[in-house]
**Q** 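Below you will find the structure I want to go over with you.
Owing to the predicted nature of the structure, the values given are computational and were not obtained by experimental measurement. Note that these values count all heavy atoms, side chains included, but never hydrogens, waters or copies made by symmetry. Just so it is clear: chains get the letters A, B, ... in the order the sequence lines come, proteins before strands, and each one is counted from 1.
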There are 2 protein chains.
Amino acid sequence: MSEAPVRRRSARGQGAALRGEVLRAAMDLLTETGQEDAVSLRAVAQRVGVSVPSIYLHFADKQALLDAVCEHVFEALDQALQAAALEGEDAFDGLRLQGVAYVHFALANPEHYRIVLMRKHEGERADLVMASSAFAHFVDSVAQCVEAGVLEGEPDQLAMRLWAAAHGLAALLVAKPYFPWPPLDELVDSVIRMAGIGLAATSRLGDDCTMADVVERLDRLRD
Amino acid sequence: MSEAPVRRRSARGQGAALRGEVLRAAMDLLTETGQEDAVSLRAVAQRVGVSVPSIYLHFADKQALLDAVCEHVFEALDQALQAAALEGEDAFDGLRLQGVAYVHFALANPEHYRIVLMRKHEGERADLVMASSAFAHFVDSVAQCVEAGVLEGEPDQLAMRLWAAAHGLAALLVAKPYFPWPPLDELVDSVIRMAGIGLAATSRLGDDCTMADVVERLDRLRD
DNA sequence: ACGCTAAGTTAGCGATGTTCAGTGAACGGC
DNA sequence: GCCGTTCACTGAACATCGCTAACTTAGCGT
């Protein structure tokens with residue numbers, strides 16, 4: 001139960017080395033246990049082979065440690081999205097693939113995703129999302145679709161709407177894993193398409209047309 | 001600070017009365033403080049004027065108490081959605097209004113919403129969502145749209161997709177209140193319309209058409 | 001060898017969820 | 001009128017949590 005790795009004290013200038021070890025221990029603990037409250041400072045300290053207060057030499061408090069974890073997660077998410085975007089046949093298809101990749105990322109790292117995006121972040125720590133390049137890159141992708149004429153409007157506003165849809169599915173799947181969901185791939189695909197096509201339609205047809213109006217127009221497309 | 005209401009012990013057969021008082025105290029504490037961790041068993045007990053272990057006479061553990069709170073919240077949400085549905089001009093418009101009402105409910109009861117829908121519920125406690133009549137009623141509303149020919153497919157599947165979109169926006173607004181959101185009413189309206197119209201389009205045009213395909217068709221509707 | 005300081009520890013505080021043994025009042029039976 | 005049982009509830013304690021203050025140890029320059 002109790003592995004005491006007997007960590008050697010860092011050399012004189014290398015005090016910051018502990019920071020990296022603590023961070024990695026926290027991330028590993030999170031992925032292994034799969035539940036946030038298993039990541040106690042005592043558990044992290046023991047895994048590193050160090051005493052608890054030593055963590056405070058490099059992180060202001062537990063939340064700061066979790067924030068650092070989140071930063072790493074956001075970078076990984078950013079890379080996943082950028083990789084997905086490149087696979088698309090065109091800009092709009094790239095958007096779709098990013099949506100799918102987004103949900104899959106959340107499913108692959110549920111506890112990380114929860115900490116980053118399902119916790120209440122307020123005040124100074126709130127801009128973690130904005131500070132990440134992931135959101136900025138996604139807005140860029142949306143802007144490409146606007147330039148291509150597929151979407152119309154302000155890219156950041158459009159991006160938020162798509163983000164909401166993707167996050168909704170991701171968050172529900174993470175929070176309610178035992179809900180009787182249909183086969184995942186189908187569900188993800190359908191929700192992402194719904195959002196993409198819905199955004200294209202609403203942004204191009206104007207925001208003031210009624211929903212019934214649009215449905216009527218859809219009828220004419222039937223043939 | 002410390003109000004000790006000196007609660008009188010319940011009469012012989014009325015032991016269950018305490019359950020109601022504890023439940024109400026927990027709900028009030030949640031709405032007043034606005035943060036979940038302010039609802040400690042000691043805080044609840046003190047507010048009721050009773051000792052801590054007495055709570056365990058009526059709730060298996062703290063989570064059971066929170067579950068009971070959630071049950072009440074779901075009932076209120078159900079009523080809000082049903083009231084909103086009646087305002088719609090038709091079934092599809094009723095769906096839209098339910099979406100708007102859903103997000104507004106979350107914004108009005110952010111901490112309750114978080115506990116119910118943004119926490120991990122697993123195992124036996126997972127069916128809290130399914131057990132609530134709110135979801136069933138919403139599926140009924142979707143079914144009416146299917147019967148009216150506005151949507152096509154299995155109502156419960158369609159309902160999940162709309163739920164995902166609405167929840168996504170609600171969850172983001174609750175979790176990131178300091179994010180630079182655009183004006184709320186516009187945002188909510190646009191996301192709900194995106195989902196509704198997107199679902200109508202994807203369900204009627206078939207799931208296998210490409211997104212670019214649909215966009216091309218939308219172009220023809222321009223005039 | 002000495003001193004300074006970086007690097008880390010020991011001990012402890014208050015708060016949390018939870019459990020166990022016990023207490024006092026109300027009721028039924030005799 | 002007394003007794004035993006049961007109901008409603010309490011006091012004290014445990015383990016764990018985040019966090020802090022005060023202390024110790026190891027390594028560098030001189």
Side-chain angles (χ1 to χ4, degrees), chain A residues 1-23 25-26 29-30 33 35-70 111 115 119-121 125, chain B residues 1-2 4-26 29-30 33 35-70 111 115 119-121 125:
Chain A
M1 193 61 178
S2 64
E3 317 142 12
V6 199
R7 194 191 104 103
R8 253 201 165 68
R9 145 186 317 228
S10 298
R12 187 63 179 236
Q14 309 300 322
L18 181 56
R19 189 194 142 95
E21 294 182 43
V22 168
L23 190 54
L29 214 54
L30 199 59
T33 65
Q35 47 184 355
E36 180 184 352
D37 36 348
V39 185
S40 69
L41 292 185
R42 283 171 169 88
V44 172
Q46 184 198 333
R47 168 168 291 228
V48 179
V50 92
S51 76
V52 179
S54 298
I55 298 179
Y56 286 89
L57 296 175
H58 300 286
F59 299 95
D61 51 13
K62 185 184 183 182
Q63 186 57 46
L65 171 57
L66 291 181
D67 283 349
V69 171
C70 294
E111 218 54 23
I115 293 181
R119 265 167 155 265
K120 195 175 186 177
H121 279 137
R125 282 158 166 170
Chain B
M1 195 64 179
S2 64
V6 201
R7 195 191 104 102
R8 253 202 165 68
R9 138 180 329 221
S10 297
R12 187 65 179 240
Q14 307 300 322
L18 181 55
R19 189 194 143 95
E21 295 182 42
V22 168
L23 191 54
R24 162 164 290 183
L29 215 53
L30 199 59
T33 65
Q35 47 183 357
E36 181 184 351
D37 37 349
V39 185
S40 69
L41 291 186
R42 283 169 168 88
V44 172
Q46 184 198 333
R47 169 168 291 228
V48 178
V50 91
S51 78
V52 179
S54 299
I55 298 180
Y56 285 87
L57 296 175
H58 301 286
F59 300 95
D61 51 14
K62 185 183 182 180
Q63 187 57 46
L65 171 57
L66 291 180
D67 282 350
V69 171
C70 294
E111 219 54 23
I115 293 180
R119 265 167 156 266
K120 196 174 185 176
H121 279 137
R125 281 158 166 170

**Q** Please list, for nucleotides 8-10 of chain D, all pairs of protein and nucleotide N/O atoms separated by less than 3.5 Å.
**A**
from   : atom 1 : to      : atom 2 : distance (Å)
D:dA8  : OP1    : B:Arg12 : O      : 2.5
D:dA8  : OP1    : B:Gly15 : N      : 2.7
D:dA8  : N3     : B:Arg9  : NH1    : 3.2
D:dA8  : N3     : B:Arg9  : NH2    : 3.4
D:dC9  : OP1    : B:Arg7  : NH2    : 2.1
D:dC9  : OP1    : B:Ser10 : N      : 3.1
D:dC9  : OP1    : B:Ser10 : OG     : 3.4
D:dT10 : OP2    : B:Ser51 : N      : 2.9
D:dT10 : OP2    : B:Ser51 : OG     : 2.8
D:dT10 : OP2    : B:Ser54 : OG     : 2.5

**Q** What is the separation between atom CG on B:Asp61 and atom C1' on C:dG17, rounded to the nearest whole Å?
**A** 9 Å
**Q** To the nearest Å, how far apart are B:Gln35 CD and C:dA15 P?
**A** 16 Å
**Q** Rounding to an integer number of Å, can you tell me how far B:Tyr56 OH sits from D:dC7 P?
**A** 22 Å
**Q** State the CG-CD distance between A:Asp37 and A:Glu111, to the nearest 0.5 angstrom.
**A** 8.0 Å
**Q** Return the value, rounded to whole Å, for the distance between atom NZ of B:Lys62 and atom C1' of C:dT16.
**A** 8 Å
**Q** Nearest 0.5 angstrom please: A:Glu21 CD to A:Ile55 CD1, how far?
**A** 11.5 Å
**Q** List the atom of B:Leu30, the atom of B:Glu36, and the distance in Å for their closest heavy-atom pair.
**A** CD1-CA, 3.8 Å
**Q** Heavy atoms only: give me the nearest B:Leu29-B:Ala38 pair and the separation to one decimal.
**A** CD2-O, 3.8 Å
**Q** Rounded to the nearest Å, what distance is computed from the CG atom of residue B:Asp37 to the P atom of nucleotide D:dG18?
**A** 13 Å
**Q** Could you state the CG-P distance from B:Leu41 to C:dT19, rounded to the nearest angstrom?
**A** 11 Å
**Q** What residues form a side-chain contact (heavy atoms from CB on, under 4.5 Å) with B:Arg9, not counting sequence neighbours?
**A** none
**Q** Can you check the B:Arg42 CZ to D:dC17 P distance for me, whole Å?
**A** 16 Å
**Q** What is the separation between atom CD on A:Glu36 and atom P on D:dC17, rounded to the nearest whole Å?
**A** 13 Å
**Q** Closer than 3.5 angstrom, by distance alone: can the side chain of A:Lys62 be matched with the main-chain N or O of A:Val39 as a donor-acceptor pair?
**A** yes
